[in-house]
Amino acid sequence: MHCQKIHTMNIHNIPQIKHTDSGNFFLLAGPCAIEGEEMALRIAEKLVGITDKLQIPYVFKGSFKKANRSRIDSFSGIGDEKALKILRKVSETFHVPTVTDIHTNEDADMAAQYVDVLQIPAFLVRQTDLVVAAANTGKVVNLKKGQFMSPESMKHAVQKVLDCNNENVMVTDRGTMFGYQDMIVDFRGIPTMQQYASTVLDVTHSLQQPNQTAGVTGGRPDMIETVAKAGIAVGVDGIFIETHFDPANAKSDGANMLHLDYFEGLMNKLVAIRKTVNAF
């Protein structure tokens with residue numbers, strides 16, 4: 001039995017979000033990192049078409065930089081302002097909201113000028129100054145649950161945002177460390193975190209295989225459908241999926257992204273499961 005939610009973000013507070021009365025889960029999806037304008041617009045066009053067709057509330061996701069790389073020679077971005085301007089162009093072109101990660105207090109004010117949702121990476125979610133800086137922009141804040149944290153401990157991260165008089169906060173489960181080189185999703189954590197805020201399941205990062213000896217994170221994209229279907233069955237509010245038209249050659253996290261060609265088929269299945277769940 002699900003616990004009653006103490007705080008649920010009003011999804012209507014995300015600028016430009018559509019299909020909020022469809023009864024569907026909401027979706028955060030896009031490439032791991034912004035590699036260029038053409039690729040971002042190409043992915044956004046495909047995802048906007050799918051989500052409009054299926055009436056899924058949609059937020060385009062793309063990191064303007066990747067600060068948490070295993071190796072110093074890993075791709076980190078094309079330039080902060082350049083990437084943020086591409087995110088703004090996606091929003092203006094397709095009339096959809098956007099979300100990006102921030103890594104420093106200075107990033108918060110800068111990114112807030114371009115995007116609608118500020119995302120706190122899992123490794124940084126206990127950094128009070130960073131969470132407060134994001135909350136103080138007035139933007140929607142998405143808090144990634146640390147791989148090392150319990151679902152119950154996310155209550156305190158949420159409270160930091162609420163204490164800044166910002167009620168637009170959600171949490172995202174991106175898996176929990178399972179040994180040194182694997183992740184696992186504890187689905188018991190979803191109703192627990194739903195007591196504190198609207199809860200998203202980050203399907204693709206939950207399937208990472210971190211700490212590989214090569215210094216490049218591995219993954220299990222073959223399990224994306226399994227984890228996503230389970231999340232919808234459990235009753236998660238939103239789904240987070242990274243996708244690319246050429247994952248093998250993506251600049252970041254290619255090992256666990258969903259190929260764009262498979263996106264619509266998966267969404268059709270998730271919408272059908274959600275419809276069944278809503279009937280109970």
Side-chain angles (χ1 to χ4, degrees), residues 14-16 28-45 47 58-144 146 161 164 166 168-170 172 174 202 204-205 208 215-217 240-247 249-254 257:
I14 302 177
Q16 299 194 85
L28 285 69
C32 178
I34 299 297
E35 301 169 10
E37 182 176 305
E38 188 275 335
M39 66 83 69
L41 292 172
R42 177 177 170 184
I43 293 170
E45 182 176 27
L47 295 178
Y58 172 57
V59 182
F60 177 84
K61 184 270 167 182
S63 296
F64 77 94
K65 70 176 176 183
K66 300 299 293 183
N68 51 344
R69 303 287 84 193
S70 297
R71 292 173 19 173
I72 198 167
D73 58 347
S74 295
F75 173 81
S76 61
I78 59 173
D80 295 356
E81 191 174 12
K82 183 177 181 181
L84 286 167
K85 285 182 175 177
I86 291 170
L87 283 163
R88 177 189 279 166
K89 183 161 186 178
V90 167
S91 183
E92 291 174 346
T93 302
F94 299 106
H95 308 290
V96 292
T98 53
V99 55
T100 199
D101 310 81
I102 61 170
H103 301 87
T104 67
N105 299 0
E106 294 75 24
D107 284 351
D109 287 332
M110 177 175 63
Q113 298 175 48
Y114 296 91
V115 303
D116 305 292
V117 182
L118 299 178
Q119 182 166 283
I120 307 298
F123 284 131
L124 299 176
V125 75
R126 289 190 59 174
Q127 298 297 106
T128 300
D129 288 350
L130 180 61
V131 173
V132 168
N136 283 339
T137 66
K139 296 287 182 176
V140 176
V141 179
N142 183 24
L143 301 168
K144 288 285 200 79
V161 180
C164 295
N166 185 343
N168 295 317
V169 57
M170 52 185 165
T172 295
R174 48 91 75 242
D202 179 346
T204 45
H205 285 108
Q208 283 183 333
V216 177
T217 298
F240 179 112
I241 295 180
E242 288 185 340
T243 183
H244 198 288
F245 49 81
D246 187 11
N249 291 301
K251 302 279 190 182
S252 178
D253 278 5
M257 277 197 277

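For the single chain, residues carry numbers from 1 onward in sequence order. What you see is a predicted model, and the numbers here were worked out from it, not measured in a lab.
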Spacing of OG1 belonging to T100 relative to CD belonging to Q119, to within rounding of 0.5 Å: 8.0 Å
Y58 side-chain N/O to A29 backbone N/O, donor-acceptor pair under 3.5 Å: yes
Have S63 and D101 got a donor and an acceptor in their side chains that come within less than 3.5 Å? yes
What is the minimum heavy-atom distance between V125 and V131, and which atoms define it? O-CG2, 3.6 Å
Not counting sequence neighbours, which residues clear side chain to side chain donor-acceptor pair (under 3.5 Å) with T128? List them please. K160
Could you tell me the separation between the CG atom of D202 and the CZ atom of F240, rounded to the nearest 0.5 Å? 4.5 Å
Value rounded to 0.5 Å, distance of CZ in R88 from OG1 in T93: 12.0 Å
I86 side chain reached by I78 side chain, heavy atoms, under 4.5 Å: yes
Tell me the closest heavy-atom pair linking P31 and I43, and the distance in Å. CB-CD1, 3.9 Å
Quick check: do N142 and M170 have side-chain heavy atoms less than 4.5 Å from each other? yes
Between M257 and A250, what is the shortest heavy-atom contact and its length? CE-CB, 3.4 Å
One should read off an interatomic distance between L118 CG and D107 CG, to the nearest 0.5 angstrom, of 9.5 Å
dist Q113:CD -> T137:OG1 (nearest 0.5 Å) comes out at 10.5 Å
Is there a donor-acceptor pair under 3.5 Å between the side chain of S91 and the backbone N or O of V96? yes
CD of E45: more than 12 outside heavy atoms within 6.0 angstrom? no
Taking the side chain as every heavy atom from C-beta outward, state whether V59 and D116 have any pair of such atoms under 4.5 Å apart. no
Is there a donor-acceptor pair under 3.5 Å between the side chain of K61 and the backbone N or O of C32? yes
Is the closest side-chain heavy-atom distance between V115 and K139 below 4.5 Å? no
V169 vs V140 side-chain heavy atoms within contact, under 4.5 Å: no
Over all heavy atoms of both residues, which pair between A111 and F64 is shortest? Give the atoms and the distance, please. CB-CE2, 4.4 Å
F245 side chain near M39 side chain, heavy-atom distance below 4.5 Å: yes
Taking all non-hydrogen atoms of both residues into account, name the closest pair between I34 and G62 and its distance. CD1-CA, 4.0 Å
Kindly give the heavy-atom pair with the smallest separation between T98 and Y114, and that separation in Å. OG1-O, 4.0 Å
CD1 of I102 to CG of D109: how many Å apart, nearest 0.5 Å? 9.0 Å
